[in-house]
Structure formats: structure tokens, C-alpha cells
There are 2 protein chains.
Amino acid sequence: MSAPERLSKRDAIRRENERIILAAAEKVFAEAGFGGATMQLIADMAGLPKANLHYYFATKEELYRRVVRQIFEIWLHAADSFDNAPGPVEGIGAYIEAKMDISRRHPFGSKVWASEVMHGAPVIQDYLETTLREWTEGRVAVIRRWIAAGRMAPVDPHHLLYMLWATTQHYADFGHQIETLNGGRALSDRQWKAATESVKSIVLTGIGAVPRPEDLSNWTS
Amino acid sequence: MSAPERLSKRDAIRRENERIILAAAEKVFAEAGFGGATMQLIADMAGLPKANLHYYFATKEELYRRVVRQIFEIWLHAADSFDNAPGPVEGIGAYIEAKMDISRRHPFGSKVWASEVMHGAPVIQDYLETTLREWTEGRVAVIRRWIAAGRMAPVDPHHLLYMLWATTQHYADFGHQIETLNGGRALSDRQWKAATESVKSIVLTGIGAVPRPEDLSNWTS
DNA sequence: TCTTTTCCTGACCGTATGGTCAGGGTTGAG
DNA sequence: CTCAACCCTGACCATACGGTCAGGAAAAGA
């Protein structure tokens, strides 16, 4: 879209500091919640004085809002897998893979989003009612088309989407619990792949998009 | 177990006040998070002076701990559906129904638990490592037996359990998002039933416990 | 170089929080 | 009836929080 423009030193500093602050804030908000997070904690994690945070982000709420919107954007992009897919096996399969990948790469953002929604979405309610609703209805239409074309069973599209969100985000939001049940170790590359395949297999079989469970021999232990 | 014993007035007062405080705390912790919740807010919701809360519960942490353990106990009991079931259709089916029912009846507790785990389980880590681990391994063994008996496909038992937890708890933890996508209205009796059937259908079909998707005609809108 | 704009931060402020405590009221056993 | 044990609470305290601000340093335009 835009050429790799030459940045003035000031612009570079601003961009870099905002990046550092947002990353620190994402982690602290995820680990302590909005109420439990303090600007001092975020400042320490970012390696900057607290007053400097308030120079870039006027209030705690504004900083939080930016963090929440960031993960939301990432999730919206994951939907590209959904469109332009010939059928549910490719579309939903790719979507599950994309969402699982995000759960692994952005666990903090996922937790912040979960926390925000659980608390009644005080700062992104408008997004839920506009962007998310439109996005959802678009995918619902796609699923309905696949059903009409006989490519999958007549499952309720909304509940299917909830299952996809719930299952994939669970690996980020409840990662600590999964880690504990995994002997206190984070999931390995192999285990993440097994988890993804397991979810894909159950869901795609469950909605009748895959006729016979063929490659279901993915064991963890 | 115990006969309906006669309570002294003091015991009755203590029991009733603890109940009121715990109910208020569950709601406030769910809506504001541990860090965002204040003893004053809980006191107002309970209709008691703040100092009275500290008479029954020494610290905010102790009150919080009691709330978290409460929902954990409820979830453990839901597992009774799992045992003594002849196969996955009855066992897992009943478990899904029980967990969906809990999501509807105890949405606050579910959110408090989710929040606790997301923040690294600071106060119930020992429970995760003992009670939850034992519980999980027990159900894993049951699932393995069903697989060995050819009553379901060889799915990874751990990932299946995660899917059950994620999907059912999603209706409590992300209830606000679901409500927004449902036109701002809470799910009706009919919709809750449809959600439960949808989850049961996809999962049981997905693990090969149900040969053919027969009753998949559950639509929301 | 001079001047303006932006970046940076130590010190500070008002407020709200978790928790305490002294003292008064109530209950029930002996 | 007596009195110890328990229940209750307004007033208070130390702390930590989000946010402000004056003033200095550095960059960029003129």
C-alpha cells in the first residue's frame, strides 16, 4: 500500500516507544486484568518512566482501548481463510488453523479480549454491535450456502462459529490450565499440531464435511 | 447425610450472611475482576457495611478464594454424569448437558474461574495440580476404555475434554458477546436447548459416537 | 546559529482502597 | 440473672493509584 517511507528520528522514536508500551501493556493487562494492572507496572515492563506513558497515552483507558483493538484486527484478518474457499473442509479447516496459530502467537491479546468481553465489553461494545456483527453475518451466509449446496450437515451457523471461537481461543485463554495438565510444560510444536488436527478432525467430522474419520490417530501421551 | 439440624440463631445469622456476601462477591468479582472489585462494592451489593465483610472474611483474597472454590466444586459434581455411563453418547452427552446447565445457572462463577485461570491461577494452583489433574486422568481413562471398546473414534482424550470445557463454558464467559450477536437479547429457553443440542450433535458425531447426523435441523434464526 | 516544536521525567496531588479498631449491641449457656 | 462469647459498625489510617505539571533536553525547521 505505502512505500517504505523514510522516517524522521522523531517519528521513529514515537513509533518505537508506542510499540514497546503497547506490548508491555498487553502483557500486564492480560496477567492482571484492567483493574489489577497499574501504569507503574506497565512502565517498569516497558523500561520507561510512568510519566512517559502518559505522554504517549493520555489515560489508562486509552492505552487499554488500543490493546483491545489490536487483537480484534488480528482476528478479523484470520477470516480471510474463510472466504474464497470452495467448501467447509478448506474454509473452516484453514480458519481453525489460523485461529490456533493466533492463540499460540498472541496469548496475551486473546486474554485481554476475553477479559473485556467477560466484563461486559465496556470499551468495545460499539465494535461488537457493528464490525463483529457484520463479520458474523457474512460468515453465517457462507456457511448457509455450503449447507444448501449439500457440502455439510444443516448445523446452526451461529453455534458452529461459537464452537470455533471457544475451542481455538481456549488454548490461549486457558493455556495455564492446559500447561498444568501437561505436566507443567508448555505444549510442544508437535502437541500444538496435534491439538489443531484434533480440533479440525472433530469439528469437520461433526458437521458432516468429512465423510469418514480417517486420520484420527493423533495421541498426545 | 446430615439430618436437618436445628440451628441456633447465631449459626443461622452466620450462615445467611456468608451466603449473601459470597453471592455478592461472585457477581462483583465476575463483573470487575479481582483487581477491579472493591470491598465497598461487594458490601453495597450485599447490603452490609464494609466492616462487616471483614468480620466474616478477613481479607479480600480469602473471600475470593471461597468464591473460586465454590464454582470448582459445582463443576466436579457435574462429572457424575460421566461415570456409570455405558458409552460416550450417554456419558459425554449428559456431561455436555450438565455443563451447559451450569453455564446458564452460574455465569458469574464461571467467569471468576476463567479470570483466575487466565491470570495464572494464583490462588488455586494447588487445586489444578492435585484435584483437577486426578479428575482429568480419571475421565481420560474412561474415554480410552470407550475407544478400546470401539464405541468412538480414537480421538485424543485430553483435547476432547478441552473442547468440552471450552465449548460449554463459552456460553457463560462470552455470554455478553453471544447476547449482542443475538440482537441484544439473552438466549431464550428454546435457544439454550438448541445450543446444547448443537454442541452435543457436533461433538458426538465428530468423535464417531453417533453414526449418522440425524437430528441436525436446529436453527436459531 | 536561532527558534520552535517535540520528547522526556522527577516531584507532586487528590482520591480511593484494603484493612483496623474501639466500643456498643445481642445471644445463649450456666 | 450473669456474664462470656459473638455480632456489628462508624470512624479512622497508611498506602498506592491515576494523573498533572513545570522545566529541562533533543531534534528539526528557518
Side-chain angles (χ1 to χ4, degrees), chain A residues 5-68 112 115-116 119 122-123, chain B residues 5-68 112 115-116 119 122-123:
Chain A
E5 26 179 338
R6 192 99 188 96
L7 290 178
S8 70
K9 188 158 186 178
R10 277 185 185 162
D11 285 349
I13 286 176
R14 172 168 280 270
R15 189 171 297 203
E16 174 66 3
N17 278 345
E18 285 187 353
R19 195 189 58 78
I20 290 175
I21 294 170
L22 282 170
E26 180 176 307
K27 190 170 181 186
V28 172
F29 281 134
E31 289 175 347
F34 178 81
T38 70
M39 294 299 271
Q40 190 60 62
L41 251 164
I42 297 171
D44 292 347
M45 176 132 325
L48 294 171
K50 193 186 71 166
N52 207 352
L53 266 65
H54 279 102
Y55 174 73
Y56 286 105
F57 301 91
T59 66
K60 190 181 169 186
E61 277 84 358
E62 187 187 321
L63 178 53
Y64 174 75
R65 200 185 316 262
R66 284 282 297 273
V67 170
V68 172
V112 174
S115 196
E116 164 70 7
H119 298 358
V123 317
Chain B
E5 24 178 341
R6 193 100 189 97
L7 289 180
S8 71
K9 188 160 187 181
R10 276 183 186 164
D11 285 350
I13 287 175
R14 172 167 281 270
R15 189 170 297 202
E16 175 66 2
N17 278 346
E18 286 188 352
R19 194 189 60 77
I20 290 175
I21 294 170
L22 282 171
E26 181 176 306
K27 191 170 183 187
V28 173
F29 281 134
E31 289 175 348
F34 178 81
T38 71
M39 293 300 271
Q40 189 61 62
L41 252 164
I42 298 171
D44 292 347
M45 176 132 324
L48 294 171
K50 195 186 68 165
N52 207 352
L53 266 65
H54 279 102
Y55 174 74
Y56 286 104
F57 301 92
T59 66
K60 190 182 171 187
E61 279 83 359
E62 186 188 322
L63 178 53
Y64 175 74
R65 199 184 316 263
R66 283 283 298 272
V67 170
V68 172
V112 174
S115 197
E116 163 71 5
H119 297 357
V123 318

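Since the structure is predicted, the reported quantities are computational estimates derived from the model, not experimental observations. Protein chains get the first letters and strands the later ones, always in sequence-line order, with residue 1 at the start of each.
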[N] [atom2] sits how many Å from [X] [atom1], rounded?
X: A:Ile20; N: C:dC7; atom1: CD1; atom2: C1'; value: 14 Å
X: A:Arg14; N: C:dT5; atom1: CZ; atom2: P; value: 16 Å
X: B:Ile42; N: C:dT17; atom1: CD1; atom2: C1'; value: 12 Å
X: A:Asn17; N: C:dC7; atom1: CG; atom2: C1'; value: 9 Å
X: A:Lys60; N: C:dA16; atom1: NZ; atom2: C1'; value: 13 Å
X: A:Tyr64; N: D:dG18; atom1: OH; atom2: P; value: 14 Å
X: A:Tyr55; N: C:dC7; atom1: OH; atom2: C1'; value: 5 Å
X: B:Phe57; N: D:dC8; atom1: CZ; atom2: P; value: 13 Å

Need one value for [X]: base, sugar-phosphate or nothing, where a base atom within 4.0 Å counts as base even if backbone is also close, heavy atoms only.
X: A:Tyr56; value: sugar-phosphate
X: B:Ala37; value: sugar-phosphate
X: A:Leu48; value: nothing

Tell me which nucleotide among [options] gets nearest to the side chain of [X].
X: A:Asn52; options: C:dC7, D:dG19, C:dT9; value: C:dT9
X: B:His54; options: D:dC8, D:dA28, C:dT20; value: C:dT20
X: A:Pro49; options: C:dG19, C:dT9, D:dG19; value: C:dT9
X: A:Ala51; options: C:dG28, C:dT9, D:dA28; value: C:dT9
X: B:Lys50; options: C:dG18, D:dC17, C:dC8; value: C:dG18

| note | Note: for B:Arg10 and B:Glu61 on DNA chain C, the residue whose nearest nucleotide lies more 5' is B:Glu61

| message | I want to confirm an ordering. Mapping B:Ile13 and B:Gly35 to their closest nucleotides on DNA chain C, which one lands closer to the 5' end? | response |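 Mapping each residue to its closest nucleotide by heavy atoms, the 5'-most match is B:Gly35.
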
Heavy-atom pair with the smallest gap, counting every atom of [X] and [Y]:
X: B:Ile20; Y: B:Ala46; result: CG2-O, 3.6 Å
X: A:Ala43; Y: A:Pro49; result: CB-C, 4.1 Å
X: B:Arg66; Y: B:Glu18; result: NH2-OE1, 3.9 Å

| Is the shortest side-chain N to carboxylate O distance from A:Glu16 to A:Arg19 below 4.0 Å? |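 Between A:Arg19 and A:Glu16 there is a salt bridge, with a charged N closer than 4.0 Å to a carboxylate O.
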
| said: Angle between ring planes, A:Phe34 versus A:Phe29, binned at 30° and 60°: parallel, tilted or perpendicular? | reply: parallel

